[in-house]
Amino acid sequence: MAIVGGLDIHRKQITFDCLDTETGELQRGRICPADRRHLAAWLARWLPDQRGEGGVEVELAVEGCTGWRYVVEELDRAGVRPHLAEPADTAGLRGRRRHAKTDRADAQHLRLLLTDGRLPECWIPPRHIVEARALLETYRDVRVEHTAWVQRIHAVLFHHGAQLSGEFGSARGRAELAVIAATQLTPTGQRQIGVAVAMLAATEVQLEGLRRDLVTMARRLRGARVLTERLYGVGPITGLALTCWLGGAGRFSSARKAVRFAGLDVTVYSSDGKRSPGHLSRQGPGVLRWCLYEAGHTSARPGAPDHAYYAQVHDRIDGKRAALSQARKLVRQACHILTELGDDALTIT
């Protein structure tokens, strides 16, 4: 006896569609509100002590969208086998839309794909990898916000016709900025600079703490430690990102698929012999792509192993394209190393 089903997650409710493959009984409904407590109460019917003699195998599919983490954790706790579906590929298998798209239809679609063995599944990482991913995403968000406040300061100064002689990241630069704000800006401009400087100070405090925690994680995770030691330009944070998103046995059958997963592959569109310029697909984890792009720029150093190739692409096209080429090379190298390590890459020492 087995039960298969699909769960469609939303902030207010979880829509379920479950089929008993032996009796043909179909159960549909909603779990409201969509939180851990109500989901656990709904799953209690399938706890081992409630399944009766011989037990019953329960498999449920859920899309890898926001909220999947607590759902998968509760499924595991209840002894239910979770299946994490790739959202884009799952939507592509829907085919031509003939009816209105509803939560009920989405849950049914997941159940049918799981029953037919056609569900495009994602890897479900262990808990410590999920935690590291979340911290990496937070670190990148704060870095982006820090850069945005720097740009706002430059914009205010330019709008008032003022200019710094250098960067204001140092104590000397901050002192010069204060003098310029007091002598060349209007009261409103001074207020803008004051707010921006305060926000920069706050984000820098958070960045320091986040970086310290990420470096500690990277030193404990075997895959991140090995990548940092063996790949030029890969520091602790980039090594951690590569391990969190590319690590694990059997993740990718080829390095080319890892490049595509990172969103660094070039898309192609052609029609009637005409081909538009290629652009990055930008699919996959943005944090990993951001780390790799920064790591690719390290080849601009004269002492880098691939400096000759970087310089060639830089002179022929530009520095951005050279950094992206190096980023793709790093993904391929990291994929081979992590494949050799297998699941050991995710172990904590």
- Task: For the residue pair Val142 and Glu145, establish whether any side-chain heavy-atom pair is separated by less than 4.5 Å.
- Result: no
- Task: Verify whether one side chain among Arg321 and Gln326 offers a donor that lies under 3.5 Å from an acceptor in the other.
- Result: no
- Item | Thr21 side-chain N/O to Ala2 backbone N/O, donor-acceptor pair under 3.5 Å | yes
- Message: Checking side chain to side chain contact (heavy atoms under 4.5 Å, CB included) between Leu43 and each of Val58, Leu60, Ile31, which is the one that passes?
- Response: Leu60
- Query: Does one side chain, of Thr349 or Arg219, offer a donor that lies under 3.5 Å from an acceptor on the other?
  - Reply: no
- Note on the structure: Tightest non-hydrogen contact, residues Tyr310 and Gly296, listed as CE1-O, 3.8 Å
- Item | Arg211, CZ: over 12 other non-hydrogen atoms inside 6.0 angstrom | no
- Query: Should Glu73 and Arg69 be marked as a salt bridge (Lys or Arg N to Asp or Glu O under 4.0 Å) after you check the CA-CA gap, both sets of side-chain angles, and the distance that decides it?
  - Reply: CA-CA 6 Å; Glu73 289 176 352; Arg69 176 178 176 176; 3.1 Å; yes
- Message: Main chain of Leu185, side chain of Gln190: is a donor-acceptor contact present, judged purely on distance under 3.5 Å?
- Response: yes
- Should Trp46 and Tyr70 be regarded as members of a common hydrophobic cluster, given that ILVMFWY residues are connected when their side-chain heavy atoms come within less than 4.5 Å of each other, either directly or indirectly? yes
- Message: Evaluate His38 against Asp35 for side chain to side chain contact (heavy atoms under 4.5 Å, CB included), listing each step before the verdict.
- Response: CA-CA 6 Å; His38 286 81; Asp35 57 23; 2.8 Å; yes
- Query: Hey, is CD on Glu340 packed in by over 12 heavy atoms from elsewhere, all under 6.0 Å?
  - Reply: yes
- Message: Just checking Arg28: does its CZ atom have more than 12 heavy atoms from other residues, nucleotides or ligands closer to it than 6.0 angstrom?
- Response: yes
- Message: Nearest 0.5 Å, please: how far is CD1 in Ile153 from CD1 in Ile180?
- Response: 11.0 Å
- Go through the steps for Ile337 and Leu227 under the test side chain to side chain contact (heavy atoms under 4.5 Å, CB included), then give the verdict. CA-CA 8 Å; Ile337 294 173; Leu227 291 176; 3.9 Å; yes
- Query: Do the side chains of Pro82 and Val62 get nearer than 4.5 Å, heavy atoms only?
  - Reply: no
- Message: I'd like to know if Leu221 and Leu231 are part of one continuous hydrophobic network [Ile/Leu/Val/Met/Phe/Trp/Tyr, side-chain heavy atoms within less than 4.5 Å].
- Response: yes
- Got a donor-acceptor contact below 3.5 angstrom from the Thr90 side chain to the Ala85 backbone? no
- Is the side chain of Arg289 donor-acceptor paired with the backbone N or O of Ala262 at a distance under 3.5 Å, no angle test? yes
- Message: Would you say that Val144 contacts Thr147 through its side chain, given a criterion of any heavy-atom pair below 4.5 Å between the two side chains?
- Response: no
- To the nearest 0.5 Å, what is the distance between CD (Gln192) and CG (Leu157)? 10.0 Å
- Test log, rule side chain to side chain contact (heavy atoms under 4.5 Å, CB included), inputs Gln283 and Phe261: CA-CA 7 Å; Gln283 297 179 350; Phe261 172 81; over 6 Å; no
- Message: Using 0.5 Å steps for rounding, measure from the OH atom of Tyr139 to the CH2 atom of Trp290.
- Response: 5.5 Å
- Message: Please report whether the ring centroid of Phe16 lies less than 6.0 Å from that of Trp42.
- Response: yes
- Message: Please determine whether a side-chain nitrogen of the Lys or Arg among Glu57 and Arg81 lies less than 4.0 Å from a carboxylate oxygen of the Asp or Glu.
- Response: no
- Minimum heavy-atom distance between Ala295 and Gly233, given as atom pair plus value: CB-O, 3.4 Å
- Message: Would you say CZ of Arg256 has more than 12 non-hydrogen atoms from neighbouring residues, nucleotides or ligands within 6.0 angstrom?
- Response: no
- Message: Do Trp245 and Cys291 make a side-chain contact, defined as non-hydrogen atoms from C-beta onward lying under 4.5 Å apart?
- Response: no
- Task: Could you check Val195 against Trp149 for side chain to side chain contact (heavy atoms under 4.5 Å, CB included), going step by step and ending with a plain yes or no?
- Result: CA-CA 9 Å; Val195 171; Trp149 282 109; 4.2 Å; yes
- Item | Among Ile129, Leu135, Leu136, side chain to side chain contact (heavy atoms under 4.5 Å, CB included) partner for Leu240 | Leu136
- Message: His10 and side chain to side chain donor-acceptor pair (under 3.5 Å): which single residue from Thr66, Asp103, Thr15 fits?
- Response: Asp103
- Message: Between His154 and Phe158, is the ring pair (Phe, Tyr, Trp, His ring centres under 6.0 Å) condition met? List the steps.
- Response: CA-CA 6 Å; His154 285 297; Phe158 180 68; over 10 Å; no
- Task: Spell out, as yes or no, whether a donor-acceptor pair under 3.5 Å connects the side chain of Arg328 to the backbone of Val259.
- Result: no
- Query: So, does His307 use its side chain to make a donor-acceptor pair with the main chain of Arg301 at under 3.5 Å?
  - Reply: yes
- Quick one: do Gln27 and Arg45 satisfy side-chain hydrogen bond (donor to acceptor under 3.5 Å, both in side chains)? Show the steps, please. CA-CA 13 Å; Gln27 297 182 15; Arg45 70 188 72 183; 3.2 Å; yes
- Item | Expected output: side-chain Asp318 to main-chain Lys320 donor-acceptor under 3.5 Å | yes
- Item | Residue Arg220 excluded, over 12 heavy atoms near CZ under 6.0 Å | no
- Item | Spacing of CD belonging to Glu63 relative to CG belonging to Leu119, to within rounding of 0.5 Å | 9.0 Å
- Message: If I take atom CG from residue Asp343 and atom CG from residue Leu338, how far apart are they, to the nearest 0.5 angstrom?
- Response: 11.0 Å
- Indicate whether any N or O donor in one side chain lies under 3.5 Å from an N or O acceptor in the other, for His109 and Asp106. no
- Item | Donor-acceptor under 3.5 Å (His83 side chain, Gly6 main chain) | no
- Query: In a check of side chain to side chain donor-acceptor pair (under 3.5 Å) between Asp17 and each of Arg111, Arg104, Gln108, which one passes?
  - Reply: Arg111
- Message: For the backbone of Ser165 and the side chain of Glu176, can you confirm whether one donor and one acceptor N or O come within less than 3.5 Å of each other?
- Response: yes
- Task: Could you tell me the separation between the CG atom of Leu288 and the CD atom of Glu137, rounded to the nearest 0.5 Å?
- Result: 11.0 Å
- Tell me, do Leu292 and Val331 make a side-chain contact under 4.5 Å, heavy atoms counted? yes
- May I ask you to check whether over 12 heavy atoms, not counting those of Arg260, lie within 6.0 Å of atom CZ? no
- Item | Ring-face cation of Lys329 near Tyr309 (centre distance under 6.0 Å, axis angle within 45°) | yes
- Task: Examine the side chains of Glu294 and Thr238 and answer whether a donor and an acceptor come within less than 3.5 Å of each other.
- Result: no
- Message: Same cluster or not: Val4 versus Ile124, using hydrophobic residues (I, L, V, M, F, W, Y) connected whenever any side-chain heavy atoms lie under 4.5 Å apart?
- Response: no
- Message: A side-chain contact here means heavy atoms from C-beta on lying under 4.5 Å apart; do Val130 and Arg127 qualify?
- Response: no
- Item | Ion pair Arg77/Glu74, N-O distance below 4.0 Å | yes
- Do Glu204 and Arg174 sit within salt-bridge range, that is, some charged N less than 4.0 Å from a carboxylate O? yes
- Query: Does any non-hydrogen side-chain atom of Leu341 lie less than 4.5 Å from one of Val226?
  - Reply: yes
- If you count the non-hydrogen atoms of other residues, nucleotides and ligands that lie under 6.0 Å from CZ in Arg133, is the total more than 12? yes
